[in-house]
> 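Pasting a structure below so you can have a look.
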Amino acid sequence: MRLIETLVEGIQSLYGETISAKTIQVQSTRKDFQGDLTIVTFPLLRQSKKSPEQTGEELGSYLLENIEVISGFNIVKGFLNISFSNAYWIGRFNEAVADLNYGFSKPNTGSTVMVEYSSPNTNKPLHLGHVRNNLLGYSVAEILKANGHKVVKVQVINDRGIHICKSMLAYKKWGKGEEPTSELKGDKLVGNYYVKFEKNSKAEIQALVDSGVEEKVAKTQGALIQEAQEMLLKWEAKDPEVYALWEKMNGWCYDGFDVTYKNMGVDFDKLYYESITYLEGKIRVEEGIEKGVFFRKEDGSVWCDLASEGLDEKLVLRADGTSVYMTQDIGTAIFRYNDYPDLNGLVYTVGNEQDYHFRVLFLILKKLGFSWAESCYHLSYGMVGLPKGMGKMKSREGTAVDADDLMEEMARTAKSISEELGKLGGMSIKDKTDLYNVIGMGALKYFMLKVDPKKSMVFNPEESVDFSGNTGPFIQYTHARICSILSNVDKKIGAIDLMIALEPCEKMLIKLLDDYPRIIKEAGEKYSPAMVANYAYDLVKGYNHFYQTVPILKVDDENVLNFRIVLSRKVKVVIASAMQLLGVKMPERM
RNA sequence: GGGCGCGUAGCUCAGCUGGAUAGAGCACCUCCCUUCUAAGGAGGCGGUCCUAGGUUCGAAUCCUAGCGCGCUCACCA
């Protein structure tokens, strides 16, 4: 429609001044004013040398004459509100309806992007923090796909290190050959021994402190901690017994994680294991020394000097030659770009406590000469906290909110509310159980994703996860409601008559639908599922208002009836489409 | 102490590429189911947008300083 260009021309012809398109500010008109788009004329007064009102009047008239679809305008101080004809909006709507992949770019037309998320340690089960991580990573991957990118979903499994040895040692000492059962998943079993280790080790250290040893020293002198360290050395030397135990216990964890991932509805294309990539990291560090990127201190430890970037020195290899976190991350990144030569972006979904780590990692990769380091991005998200008075989550002490328990709890709540409302007559037990899971997970996912990723959030297991208001179930409910209405009609409807009158609530819905492609694009650029979630909420609210304001099926005018049916169908599709980007399923009944 | 991030209604959060009277949900109070799903809708109550300066015709939004909270600065991951 060339609104901006026409305005530039208008200013040229009215005032003889040339301005750049950037100085024109357009925004959608606030709902308490009449109009569709608003042009802020304050910045244009310099050119017009007239009052805001008069400038608005002149520009408005110019637009009215030169753009056919503009049907009118009004001026409030420095705001020129312009309206488009109903025919224009209905035309836009018809186009949207005809587009079966509305809002999405063509698949695989963009660059290839890798998204890393989850990346657990194999010494404890997934908890609330992982839930946010998983949901974010999965959703961002879906949003990138919707923007045409090829997406590779990966994780790097932290399957080695001192923390893994802790649970192994505890199991070896006190496990008595315990095995996972249907009651106790493998990851839970391993986690129990990790907690057991920490508990006993803590007591040992306390005893040392009580006997007069300085705390810092005591922490390195406990018998258990020393034994764990010996075990790590044995592991690195591939001691057969330690290695076998490691493989067995890691296997238990993977089996446990698989169940959690399945229930959560997330998946991965490829897994990387720290136990493999850390070796690559070591090799790359050696190379880096030769290149002069790193330097070795007298004690043998290897460092990267980041003073020129305003940072400190960073350790990349210990004095005893063993690797640190940074070492394996260097190796992992290089593996990834080797595995996918067309990779043009690597998104790390990792909590904001590691902001500094990733800043350094990307710098080091760049120093090592990998130009792709520029395309790495740390999707940093805030912590999930518990309400005041509920303490802190510490998996070390076994006080974290467990992911499996949480999901089960959500489904249970969904069940009790559903039963209370009693709308599911005639539905089979299995369908009901599935539905409770869909609703429970919908509530959980939406709750976690509607918040801006970078912000930390509070999770109150009892109060926060409501099923009414701005929640997943509210959106699911509206979807089910539309399905219910539409189940009464069965007819093919072509393009909508451009001449029908539009109710305000209908026009509002068309405008909301019109926003969808832009929302997907922006959500992709900002890696923000929250934008999609908030959009879906606005759309659903708009539909409910429409539903309560006008009859949908009980209308005489065939053209209006058709329009309301098609409008309902399109809203339904877009709701489901948006929520699919969040990994939330939409029920047809609830 | 240095670095990074955050601070909006009692609570949980939108809004932040500067624009009109700062928005939702929960909670609390009124109304609306013999009509297409009331997990809904309409309305009410509720604000020093942390504070103080600055830039601007205009600041919740940008800049500076301060305060508060979180994270981080490990031969932990």
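A note on names: the letters A, B, ... follow the listed sequences, proteins ahead of strands, and every chain is numbered from 1. As the structure is a computational prediction, the values presented were derived from the model and not from experiment.
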> Tell me the interatomic distance from E313(A), atom CD, to G2(B), atom P, rounded to whole angstroms.
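Interatomic distance, CD of E313(A) to P of G2(B): 21 Å.
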> Just label C28(B) as syn or anti from its O4'-C1'-N9-C4 or O4'-C1'-N1-C2 angle, using within 90° of 0 for syn.
anti
> Taking atom P of A24(B) as reference, at what distance in whole Å does atom CZ of F447(A) sit?
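Roughly 20 Å, once rounded to whole Å.
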> Should C11(B) form a Watson-Crick or G-U wobble pair with both distances under 3.5 Å, which nucleotide is its partner?
G25(B)
> Think K31(A) has a side-chain N or O under 4.0 angstrom from the OP1 or OP2 of G23(B)?
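No, because none of the side-chain N or O atoms of K31(A) sits under 4.0 Å from OP1 or OP2 of G23(B).
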> At under 4.0 Å between heavy atoms, what does T38(A) touch on the DNA or RNA strands: base, sugar-phosphate, or nothing?
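Counting heavy atoms under 4.0 Å across all strands, the contact made by T38(A) includes a base.
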> Taking only side-chain N and O atoms of Y543(A), does any of them lie within less than 4.0 angstrom of OP1 or OP2 on G41(B)?
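For Y543(A), the contact criterion (side-chain N or O under 4.0 Å from OP1 or OP2 of G41(B)) is not met.
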> Within the structure, does a side-chain N or O atom of K77(A) lie under 4.0 Å from either OP1 or OP2 of G19(B)?
no
> Under a 3.5 Å cut-off for both distances, is U55(B) Watson-Crick or wobble paired, and to whom?
none
> Give a yes or no on this: more than 12 heavy atoms of other residues, nucleotides or ligands lie within 6.0 Å of atom NZ of K511(A).
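Enclosed: over 12 neighbouring heavy atoms sit under 6.0 Å from NZ of K511(A).
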> Report yes or no: is the ring centroid of F42(A) under 5.5 Å from the six-membered base ring centroid of G58(B), with the two planes under 30 degrees?
no
> Quick one: is C76(B) close enough that its OP1 or OP2 comes under 4.0 Å of any side-chain N or O from R318(A)?
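Answer yes for this pair, as a side-chain N or O of R318(A) is under 4.0 Å from OP1 or OP2.
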> Tell which nucleotide pairs with U61(B), taking only Watson-Crick or G-U wobble pairs whose two distances are both under 3.5 angstrom.
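U61(B) is unpaired by these criteria.
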> Between D452(A) and Q27(A), who's closer to the 5' end of RNA chain B by nearest nucleotide?
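Nearest-nucleotide comparison on RNA chain B picks D452(A).
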> Any side-chain donor paired with an acceptor under 3.5 Å for T38(A) and N81(A)?
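Note: T38(A) and N81(A) side chains meet the donor-acceptor criterion.
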> Once you apply a heavy-atom cut-off of 4.0 Å, does S418(A) come out as touching a base, just sugar-phosphate, or nothing?
base
> So what's C71(B) paired with, Watson-Crick or G-U wobble, going by both distances under 3.5 Å?
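Result: G3(B).
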> Determine the Euclidean distance between corresponding C1' atoms of C13(B) and A60(B); express it in Å to zero decimal places.
15 Å
> Can you tell me if T322(A) and D320(A) form a side-chain donor-acceptor pair at under 3.5 Å?
yes
> Compare the minimum distances between each of A77(B), G25(B), C73(B) and the side chain of N470(A), then state the nucleotide with the smallest one.
G25(B)
> Checking all strands, does Q476(A) fall into the base, sugar-phosphate, or nothing category for heavy-atom contacts under 4.0 angstrom?
nothing
> Evaluate whether the aromatic ring of Y547(A) and the six-membered ring of the G40(B) base sit under 5.5 Å apart, centre to centre, with an inclination under 30°.
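Not stacked: fails the 5.5 Å / 30° test.
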> Return yes when atom CD of E588(A) has more than 12 non-hydrogen atoms of other residues, nucleotides or ligands closer than 6.0 Å, and no otherwise.
no
> Which is true for R589(A) with a 4.0 Å heavy-atom rule: it touches a base, it touches only sugar-phosphate, or it touches nothing?
base
> Suppose you measure atom P in U17(B) against the same atom in U12(B); what distance do you get, rounded to whole Å?
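Between the two P atoms, the distance is 25 Å.
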> So, does the side chain of N81(A) form a donor-acceptor pair with the base of A20(B) at under 3.5 Å?
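Answer yes: a donor N or O sits under 3.5 Å from an acceptor.
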> With sugar-phosphate meaning primed atoms plus P, OP1 and OP2, does S301(A) contact a base, only sugar-phosphate, or nothing at under 4.0 Å between heavy atoms?
base
> Okay, side chain of Q476(A), backbone of V438(A): is any donor-acceptor separation there less than 3.5 Å?
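Yes; judged by distance alone, with no hydrogens or angles, the pair exists.
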> When we call it a touch if two heavy atoms are under 4.0 Å apart, what does E274(A) touch: a base, just sugar-phosphate, or nothing?
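Sugar-phosphate only.
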> Using whole Å, what does the distance between atom C1' of nucleotide C13(B) and atom CZ of F474(A) come to?
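Rounding to the nearest Å, CZ of F474(A) and C1' of C13(B) are 16 Å apart.
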> Answer yes if the side chains of Y543(A) and S568(A) hold a donor-acceptor pair under 3.5 Å, and no otherwise.
yes
> Contact class for V324(A) (heavy atom, under 4.0 Å): base, sugar-phosphate, or nothing?
sugar-phosphate
> Do the side-chain N or O atoms of K541(A) get closer than 4.0 angstrom to the phosphate oxygens (OP1, OP2) of A24(B)?
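K541(A) to A24(B) OP1/OP2: no side-chain N or O under 4.0 Å.
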> With distance as the sole criterion, is a donor-acceptor pair present between the side chains of N470(A) and Y446(A) under 3.5 Å?
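Note: N470(A) and Y446(A) side chains meet the donor-acceptor criterion.
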> Rounded to the Å, how far apart are I475(A) CD1 and G41(B) P?
12 Å
> Taking pairing as Watson-Crick or G-U wobble with both contacts under 3.5 Å, can you name the mate of U48(B), or confirm there isn't one?
none
> Students often get this wrong, so: under 4.0 angstrom with heavy atoms, is M457(A) touching a base, only sugar-phosphate, or nothing?
sugar-phosphate
> Please work out if P551(A) contacts a base, only the sugar-phosphate, or nothing of the nucleic acid, heavy-atom cut-off 4.0 Å.
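Base contact.
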> Mind checking V76(A) for me? I need base, sugar-phosphate or nothing, with any heavy atom below 4.0 Å counting as a touch.
base
> Nearest-Å distance, CD (E353(A)) to C1' (G3(B))?
16 Å
> Just to be sure I understand the rule, does L317(A) reach a base, reach only the sugar-phosphate, or reach nothing, if contact means heavy atoms closer than 4.0 Å?
nothing
> How close or far is atom P of U17(B) from atom CD1 of I24(A), stated in whole angstroms?
19 Å
> For the pair made of CG in L421(A) and C1' in C33(B), what is the distance, rounded to whole Å?
14 Å
> Nearest whole Å is fine: how far is G2(B) C1' from L306(A) CG?
16 Å
> Considering just the side-chain nitrogens and oxygens of H545(A), establish if one lies under 4.0 Å of OP1 or OP2 belonging to A42(B).
yes
> For a quick check of understanding: with a heavy-atom distance under 4.0 Å over all strands, which category does Y325(A) fall into, base, sugar-phosphate or nothing?
base
> Report which part of the nucleic acid L553(A) touches: base, sugar-phosphate, or nothing (heavy-atom distance under 4.0 Å, all strands).
base
> Would you say the side chains of N544(A) and R481(A) form a donor-acceptor pair under 3.5 Å?
yes
> Indicate whether OP1 or OP2 belonging to G23(B) is found under 4.0 Å from a side-chain N or O atom of R30(A).
yes
> Which comes earlier along RNA chain B counting from the 5' end, the contact point of L435(A) or that of M383(A), where each point is its nearest nucleotide?
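It is L435(A) whose nearest nucleotide is closer to the 5' end.
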> Assign V550(A) to base, sugar-phosphate, or nothing according to its heavy-atom contacts below 4.0 angstrom with the strands shown.
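The answer is base, as V550(A) lies within the cut-off (heavy atoms under 4.0 Å) of a base atom.
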> Is the NZ or CZ atom of R412(A) both under 6.0 Å from the centre of the six-membered ring of Y436(A) and within 45° of that ring's axis?
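Here R412(A) fails the 6.0 Å and 45° test against Y436(A).
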